[in-house]
Asks: 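Dropping the structure in here first, questions after.
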Amino acid sequence: MERYEPLKIEQKWQKKWEETEAFKATEVKGQPKVMLAEMFPYPSGAGLHVGHVRNFTIVDVLTRFFRQQGLNVMRPFGYDTFGLPAENYAIKTGTAPQEVTAVNITNFRKQAKKLGYAIDWSREINTSDPEYYRWTQWCFLQLFKKGLAYQKESYQWWCPEDQTVLANEQVENGKCWRCGHEVEKKKMKQWFFKITEYADELLDEIDNLEWPEKIKTMQKNWIGKSVGAEIDFEVEGGAPKIKVFTTRPDTILGATFLVLAPEYVGLEYIVSEDCKDAVAKYKAAALKKSEIERQENKEKTGVFTGAYAINPATKEKIPIYVADYVLAGYGTGAIMAVPAYDERDREFAEKLDLPIVEAELIDRDAYGTPKVTYRMRDWLISRQRYWGCPIPIAYDKDGNPHAISEDQLPVMLPEVKDYKPDKSGRSALAKAKDWLTVEIPVKDPKTGEVHMKKMTRETDTLDGYACSSWYLWRYASPRDDKAAWDEKAISYWEPLDYYCGGDHAVAHLLYIRFWCKFFADEGYLPFREPIKRLLYNGYINAPDGKKMSKSKGNVIDPLDVINDGYGADTLRTYEMFIGPYDMDAAWDTRSVGGVYRFLNRCYNLCFGNTSKVDKNVVVRNKTIKKVTEDIHRYSFNTAVAALMEYVNELYKNGASKEDLMVLAKLLKPFAPHLASEMLEKLDSDDEWPKWDEKYLVADTVELVVQVNGKLRAKFEIEVDDLEDEEKLTEMVLADERVKKYTEKGVKKTIFVKKNKLINIVV
Ligand SMILES: [Zn+2]
């Protein structure tokens, strides 16, 4: 008999799948469909890591499972290619990010193919491909036309040394990541998407989704709806009134001071002359902190403005403070502090020795206008970076933004030599002088005539999350050059049935829901939620339980597992066996070897001698049921464990051809190459097997015992025990009810399995 040689088998089947385009998906009217996808990866230079393999294999197990059940399955693939790593590499080395990305994609694709994924490679997409980002720009323009893409002044991280805007992730401990200089916040005009317009619907529809509860809760908290009231407070000395937002207007009698966010608009009109320096200093320090830092439960800080407001309920004079625990974007950026009822207010009051008054509660509407606010802000989408999708906007002489016309798309990323941001804080796109000027058609509002007008292009690029907010729809018609997605194809395939990933609980997963609702409103999508089921997988850690990282030197390279001779099937099956898919797990090299031995046993059973007797019918049916149900509930690790137990039984009892066909079919989602080899040997298709309830309904049966043909005892036994004559006979002969008839000695025992009967001859 030949030996199990995974690399040989895997190459053979991968070649076959490639040549026959085995996983190409086409719409078939009337055939039920399933569409599955992972959160598409950023193709880094390091290639696939063990986390990718877990993520992609979960999708693959389900893909193959549904294919074997006869459903019309689509499993596409793509790359999220814009972003920082390629840009940093470009700044350092001068290599165009386009080139680096192309190399990385080639490597990623090669590795994914080595894992035997059932991917429809004709649907591969890449967000930095102009044929793709042309439609990202089209999406932007639809939002712009409806006023949902707009500009406003906003505070940005700014490095005074480099003279550039920095993203949140480019600020480390309040310092610039490039030069180490202390950063500051600077007010700049930025682009936003008005996601807040959909806050209520995003919140209300969460509960209808088949998503993990923890993700739903995170989204709810992110949206952070608060029902409360706005109340006006007069300021002593004639400064403009302060409008506060509170969720507890009924506690106003206990409001003993006001607190403003450091960014509060109009703060300068409130602060008294002698407090100006202290407030300015405090504000500068506060602007260096992130909102997360400000909300952390640290010791409260703040400064007095020197001004007083009048509590409209008590008519008392109360001091006005500035403190960074109040955020500008929450409500109005001003609160009435009620230290007797609010913990953070109390901490602040205790710190600054302010009065805490336990007052009675009053009617909620007595002084307040009812008001609902959200924690979620509009989504800031402009980036002063080169390696992103250009924003399809140009400015006239007066600085007014105009849409590039749709037939002028894509706005191509211009070629530059130096990828560093411009000294003015603009991206490197500003250095492409020829590209900067554009003529776009503008309609004269008086005459209605259209003239070409010279304008200057926007040099900001889009947040990468914009590119990933619609990619699932591109999968429906990835080569379409007439539209972002084809109406007919998308209504057949989507919404997506299964989405799997281990990241982006709020950002991406919220943004894609927002775009879906918008494009549904515009009549472009026939559904309002893009993802039916979400599988949120856990991480794989190093053998020592710590996060894998290059610096710790504890990274496991999945390709090593394949190349060491274990093969892709072992790697895939091991990563499904490692633990519940939604929990973090530590890599265990010994257990990889265990899985490899299990697959070896499968091979040996199949390519060894088969048993003519069908002894395993009960365990076989039980295993079909268990594996089927386990995959349905995403319990992949217990499904693999059930297959291991099944193989143990087959080793003990001998395996019939039927046993082996079932084994190969159930194994195929996990170890598709080996299973295909087994099915070929057995001359079998891969149709998912069904179990027969009759072997499972009664777990116990009645065994009748006769002595010399006369009924002497009945036993309740497990169905499985009918397979073991020796064990049954031993048990029966040891029983007191039988013993008294067999004292003279047993001549022989006759077991009739189909009648569930043992006859003892004495
Ligand atoms: Zn710097």
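Scope of the values below: all heavy atoms of this structure, side chains included, with no hydrogens, waters or symmetry mates. Whatever order the structure lists them in is the order used to number ligands and atoms, beginning at 1.
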Asks: Would you kindly say whether Ser382 and Gln190 are connected by a side-chain donor-acceptor distance under 3.5 Å?
Replies: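 Present: a donor and an acceptor within the cut-off.
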
Asks: Pairing donors with acceptors under 3.5 angstrom, does anything connect the side chains of Ser468 and Asp80?
Replies: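 No, Asp80 and Ser468 have no side-chain donor paired with an acceptor closer than 3.5 Å.
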
Asks: Have a look around the Zn ion (ligand 1) and list protein N/O/S atoms under 2.8 Å, or say none.
Replies: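 Sorted hits: Cys159 SG, Asp162 OD2, Cys176 SG, Cys179 SG.
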
Asks: For residues 138-151, which residue pairs qualify under salt bridge (Lys or Arg N to Asp or Glu O under 4.0 Å), counting only residues two or more places apart or in two chains?
Replies: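 Passing the test, one end in residues 138-151: Lys145-Glu406, Lys146-Glu522.
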
Asks: Check whether the ring centres of Tyr511 and Trp379 lie less than 6.0 Å apart, and answer yes or no.
Replies: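 Yes: the rings meet the under 6.0 Å criterion.
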
Asks: Is any side-chain heavy atom of Tyr150 closer than 4.5 Å to a side-chain heavy atom of Phe193?
Replies: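 Heavy-atom side-chain distance check fails, nothing below 4.5 Å.
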
Asks: Would Lys225 and Tyr374 count as a cation-pi pair here, with the cationic atom under 6.0 angstrom from the ring centre and within 45° of the axis?
Replies: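 No, cation not above the ring by the 6.0 Å, 45° rule.
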
